[in-house]
2 protein chains.
Amino acid sequence: MTDKRPYHHGDLRRALLAAAAEAIAESGPAALSLRDLARRAGVSHAAPAHHFGDKAGLLTALAIEGFNRLADALDASRERTGSLLESGVAYVRFAAENRAHFEVMFQPSLYDQDDPEVAVARQRAGAALSAGVSTLDEPPAAEDAREAELAAWSIVHGFATLWLAGAFPDPLGDDAGDAARPVIRRLFD
Amino acid sequence: MTDKRPYHHGDLRRALLAAAAEAIAESGPAALSLRDLARRAGVSHAAPAHHFGDKAGLLTALAIEGFNRLADALDASRERTGSLLESGVAYVRFAAENRAHFEVMFQPSLYDQDDPEVAVARQRAGAALSAGVSTLDEPPAAEDAREAELAAWSIVHGFATLWLAGAFPDPLGDDAGDAARPVIRRLFD
DNA sequence: CGGGCAACTTGTCGCTGGCAAGTTAGAGTG
DNA sequence: CACTCTAACTTGCCAGCGACAAGTTGCCCG
């Protein structure tokens, strides 16, 4: 979050996060190695620990970045289209385009979920999601609103997860968002 | 799958799978250690490799077991209730009660997804899911059937994943299945 | 110009996964 | 009842990893 640039490397922290995202997208979070990241960035094996404390710290930073990016994507979609359907599409598209972040965000055993920055970023994303549901033509009654929100979240999250897992037996095209649209539409227009 | 029982330990293969499920449920798949499993089972550190080849082999076996258990659960629910809604509830309940299996099943980077036994078990589960959709009162037209299936799968899978991740901000009770029912009902009755 | 501190490096430890080579125990055969 | 064959392990080893401790480097500010 701080914008002062370090001296030695230039911006090791960001470089490590980017390298981590790339490595995770290739081989999954379990195969991530701090030493490999250090090698990719051309620094010593202990340099990552200085910025993130330990492996969980690095993944915590990735999760924070992910929740913030997701909130940004959802807000942008809502401002642009005002459509809950398109917000759902944006959710799925975010997952496809930020695979590593998404995988880490929803696997809390990998990072420190009690971190206050995580809580803030997660709430931002949650609020962006809730705001989307309120754009429905027929806003549901107060008590139903919660269930509608859970249903919307579940269907887009499920589609995104299954897409990333390669679980769909038939090919559904290249664009996860376009593939998701007719499916999400079955829940609401 | 072979039923002849080994001699030395009794049934080390099953014991290791059970211990692995327990360990993963506690700390996630990334923290799994073959040597720790061996210690829990009271055997040498190389014993697991004999049964499963390597770590991926063990997780492959876990995934196979998981897909088969899921297929069984879905079939049982359909035979008992004939209701797609209750099949969805059964899906969520399976995830909650077999957390370790479920997490591994849908994280293909952890195991060998090209394994033929995995493919068979996965297809069994897929067929059980499809069969559930056909129990709808108004079976959708052929071309819509695929989308209806994806929507049903997505909403239950998403709910299950979010539940396991502890992503729901408010507490929804102890039983994942009961919590999911009103949410799933929003997609179909 | 000099102290201070952030950004690293170097070195080390215990643990892990994976491989190779041995050992043991039961099952099948004559 | 020996004899052998083989599955089910064990022992020993190596490289890689995460975490920690103790140095070293280089910019910034007074």
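Just so we're on the same page: letters track the sequence lines, and every chain starts at 1.
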ask   = In whole Å, what is the span from the CG atom of B:L59 to the C1' atom of C:dG18?
value = 15 Å
query = At under 4.0 Å between heavy atoms, what does A:L32 touch on the DNA or RNA strands: base, sugar-phosphate, or nothing?
reply = sugar-phosphate
inquiry  = Can you measure A:L58 atom CG to D:dA19 atom C1' for me and round it to whole angstrom units?
reply    = 14 Å
task = Specify the residue among B:L34 and A:S44 whose closest nucleotide of DNA chain C lies further upstream toward the 5′ end.
result = A:S44
request  = May I have the distance from A:L12 (atom CG) to D:dG26 (atom C1'), rounded to whole angstrom?
outcome  = 16 Å
inquiry  = From C-beta outward on A:H51, which listed nucleotide comes closest to its side chain: D:dA21, C:dC8, D:dC9?
reply    = C:dC8
key: N/O (side chain, A:S33) to phosphate O (OP1/OP2, D:dC17) under 4.0 Å   = yes
inquiry  = Check B:E86 with B:R181, please: is the shortest side-chain N to carboxylate O separation under 4.0 Å?
reply    = yes
query = Whole-Å distance between D:dC14 C1' and B:R35 CZ?
reply = 11 Å
ask   = Start at the 5' end of DNA chain D and walk down; is the nucleotide closest to A:A46 or to A:R39 reached first?
value = A:R39
task = Round to a whole Å and report the spacing from CG of A:D11 to P of C:dA7.
result = 11 Å
task = Please report, rounded to the nearest Å, how far the P atom of C:dA20 is from the NE2 atom of B:H45.
result = 14 Å
note = Tested for side-chain hydrogen bond (donor to acceptor under 3.5 Å, both in side chains) against B:N98, the lone hit among B:R69, B:R93, B:E103 is B:R69
key: Residues which pass ring-ring contact (aromatic ring centres under 6.0 Å, His included) with A:F94, listed by chain and number, not counting sequence neighbours   = none
query = Between B:F52 (CZ) and D:dC9 (P), how many Å, whole number?
reply = 11 Å
ask   = Starting at NZ of A:K55 and ending at P of D:dC20, how long is that distance when rounded to a whole Å?
value = 14 Å
Step-by-step ring pair (Phe, Tyr, Trp, His ring centres under 6.0 Å) determination, A:F106 to A:H101 = CA-CA 9 Å; A:F106 294 99; A:H101 290 82; over 10 Å; no
key: Nearest-nucleotide comparison on DNA chain D, the residue closer to the 5′ end among A:G53 and A:D36   = A:D36
note = Looking only at C:dG18, D:dC9, C:dA20, the nucleotide nearest the B:D54 side chain is C:dG18
key: Of the listed nucleotides C:dC8, D:dC17, D:dA8, the one nearest the side chain of B:H50   = D:dA8
